2 protein chains.
Amino acid sequence: MRAQDLPGIRHLPLFRDMRQAHFEALMQGCYAQNFPAGLELVRQGDPADFLHIVVEGLVELYADWGGRECTMGILRPVGTFILAACIRDAPYLMSARTLERSRIILVPASDLRATFRQDPEFAVSVINDLAGNFRTMVRHAKTLKLRNSRERIAAWLLQQAEVAGASSYQLPIEKRFLASYLGMTPENLSRALKSLEADGLRVEGARVTITDRAKVEALAQPDLLIDGPDPEAEGGAAALPGPSPE
Amino acid sequence: MRAQDLPGIRHLPLFRDMRQAHFEALMQGCYAQNFPAGLELVRQGDPADFLHIVVEGLVELYADWGGRECTMGILRPVGTFILAACIRDAPYLMSARTLERSRIILVPASDLRATFRQDPEFAVSVINDLAGNFRTMVRHAKTLKLRNSRERIAAWLLQQAEVAGASSYQLPIEKRFLASYLGMTPENLSRALKSLEADGLRVEGARVTITDRAKVEALAQPDLLIDGPDPEAEGGAAALPGPSPE
DNA sequence: CGAACCCTTGACAGAAATCAACTAAGGTGG
DNA sequence: CCACCTTAGTTGATTTCTGTCAAGGGTTCG
């Protein structure tokens with residue numbers, strides 16, 4: 001555990017309000033590890049022994065069933081994941097793997113459970129975090145059930161433009177992960193992106209440009225109750241809530 | 001507020017561990033109301049002023065966007081809903097309506113937030129409840145993204161057979177709600193149900209019969225990490241966790 | 001330089017939504 | 001008690017959407 005990892009963690013909504021003594025005790029029991037890209041950190045079905053914190057790198061949350069696989073979320077530093085499983089002392093519902101070389105802090109789940117029983121402020125933070133995670137997942141289910149694939153793509157690209165603060169930006173993740181996250185195949189995404197040129201969206205390689213915002217919005221109908229944001233909802237399964245690089 | 005409503009509420013995982021004085025104070029501030037069938041209790045986007053408890057009847061959680069609508073969950077007594085929005089003091093992400101004449105208890109969200117700050121046991125219960133809700137929604141997203149419609153139907157009908165404890169049972173909800181919950185149209189469900197006769201499932205009206213469990217399981221591939229159960233996960237958006245009639 | 005790998009494109013098959021019509025069941029009011 | 005109305009469910013025809021299979025281009029990395 002490096003000292004320079006601590007400030008970023010301490011500033012997370014989950015940890016920022018707890019008592020310093022408790023924070024230090026919690027961090028004392030942590031393990032820190034650097035992982036290469038492509039490594040499986042967590043396997044769905046495993047007992048949830050550790051809360052994970054990404055302090056460097058990029059992590060994918062995914063699920064599989066019957067040989068199929070899908071991306072459930074992607075996390076950038078600094079973010080936590082699989083809090084809910086740790087708290088319930090239940091098996092992980094999602095797997096996690098590094099997409100880049102990553103540095104991960106592992107917080108023993110038992111320490112976590114002991115701490116929020118002692119520290120009311122921390123309990124409140126956990127409550128807020130879980131509520132945010134739940135709402136993020138409700139939003140995800142809503143977009144899957146209420147929008148078709150072109151609408152989902154348009155809404156997601158529009159939201160990323162907000163995050164980037166510009167009408168032209170680089171895709172922060174590979175297209176295949178985006179496709180999987182949005183519930184479609186890469187081929188389907190590829191075709192849909194081309195067709196979206198008629199709706200005010202141009203995508204060339206990883207560069208996205210909103211050429212006609214009114215048209216895009218007419219298609220995507222961005223909605224606060226689907227496209228967020230729930231601030232502080234970064235744990236669990238959010239897809240790139242943080243600012244995306246250029 | 002009737003006295004006979006209290007025991008059922010007190011036995012909910014959310015309320016069973018809190019201090020009696022706090023429980024009584026919380027219930028003191030509640031409103032109880034009987035609603036006819038088909039009434040909208042909560043509109044998505046509204047500020048979350050009340051935690052809702054169904055003590056009698058049947059309530060649908062649903063979402064809409066761009067003129068489309070989908071069922072997100074169905075609740076039977078005794079169950080709570082929209083806890084997460086109350087805690088975050090954020091707009092509801094889902095609407096709720098009565099499907100039958102129902103009796104609902106309304107708990108002011110501000111009282112709720114004040115209480116879990118004072119009562120550590122209650123805070124732990126809230127944490128567990130939210131974690132369960134989150135996991136329920138992850139499962140829902142997983143089934144939507146990883147299974148096709150026939151597989152989703154088979155898995156759901158199989159799960160209901162477990163709940164009913166019999167290989168033949170009555171559907172606890174109308175088919176159109178089931179269709180919407182599973183992310184398809186009623187027509188599609190109707191056709192799929194007929195085709196499932198070849199996979200060991202017979203459905204006649206509301207009566208479901210598993211005629212060949214091995215075949216059904218071969219299709220549905222029931223999975224603990226999708227089809228539950230997370231016990232105590234009854235709030236939020238579970239679809240019929242409770243025992244179904246007949 | 002070669003080997004992966006991501007992305008794209010095309011052709012096709014399969015799944016699902018839509019539109020329309022019809023049946024059956026339940027409830028209402030005469 | 002029955003005619004009527006409403007609504008859920010079903011069925012069929014059709015279109016649209018989406019996944020699958022196959023192949024090729026481009027890039028990155030060893």
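Residue numbers start from 1 in every chain, and the chains themselves are labelled A, B, ... in the order their sequence lines are given, proteins ahead of strands. Here the structure is a predicted model, which is why all the values come from computation and not from measurement.
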Let me know the distance between [atom1] of [X] and [atom2] of [N], rounded to the nearest Å.
| X | N | atom1 | atom2 | result |
| --- | --- | --- | --- | --- |
| B:R101 | C:dG27 | CZ | P | 16 Å |
| A:R68 | D:dT18 | CZ | P | 17 Å |
| B:L219 | C:dA15 | CG | P | 12 Å |
| B:L196 | C:dA15 | CG | P | 12 Å |
| B:L99 | D:dT7 | CG | C1' | 15 Å |
| A:L193 | D:dT18 | CG | P | 13 Å |
| A:E151 | D:dT18 | CD | C1' | 15 Å |
| B:L171 | D:dA8 | CG | C1' | 13 Å |

Proximity to the side chain of [X] - top-ranked nucleotide from [options]:
| X | options | value |
| --- | --- | --- |
| A:N148 | C:dA20, D:dT18, C:dA11 | D:dT18 |
| B:K175 | D:dT11, C:dC6, D:dG9 | D:dG9 |
| B:E174 | C:dC6, C:dA17, D:dA8 | D:dA8 |
| A:T185 | D:dT11, D:dG19, D:dG9 | D:dG19 |
| B:M184 | C:dC6, D:dG19, C:dA17 | C:dA17 |

Quiz question: by atom type and distance under 3.5 Å, do the side chains of [X] and [Y] form a donor-acceptor pair?
| X | Y | result |
| --- | --- | --- |
| B:R43 | B:S95 | yes |
| A:R213 | A:S167 | no |
| B:Q170 | B:R207 | yes |
| A:E60 | A:T71 | yes |
| B:K145 | B:H140 | no |

For a quick check, tell me whether the side chain of B:R191 and the base of C:dT18 share a donor-acceptor pair closer than 3.5 Å. yes
For [X] and [N], is the shortest distance between a side-chain N/O and OP1 or OP2 below 4.0 Å?
| X | N | value |
| --- | --- | --- |
| B:S149 | C:dA16 | yes |
| B:K194 | D:dT11 | yes |
| B:N188 | C:dA17 | yes |

So which one's nearest nucleotide on DNA chain D is more toward 5', A:E187 or A:R147? A:R147
When all nucleic acid strands are considered with a 4.0 Å heavy-atom cut-off, which category describes B:R150: base, sugar-phosphate, or nothing? nothing
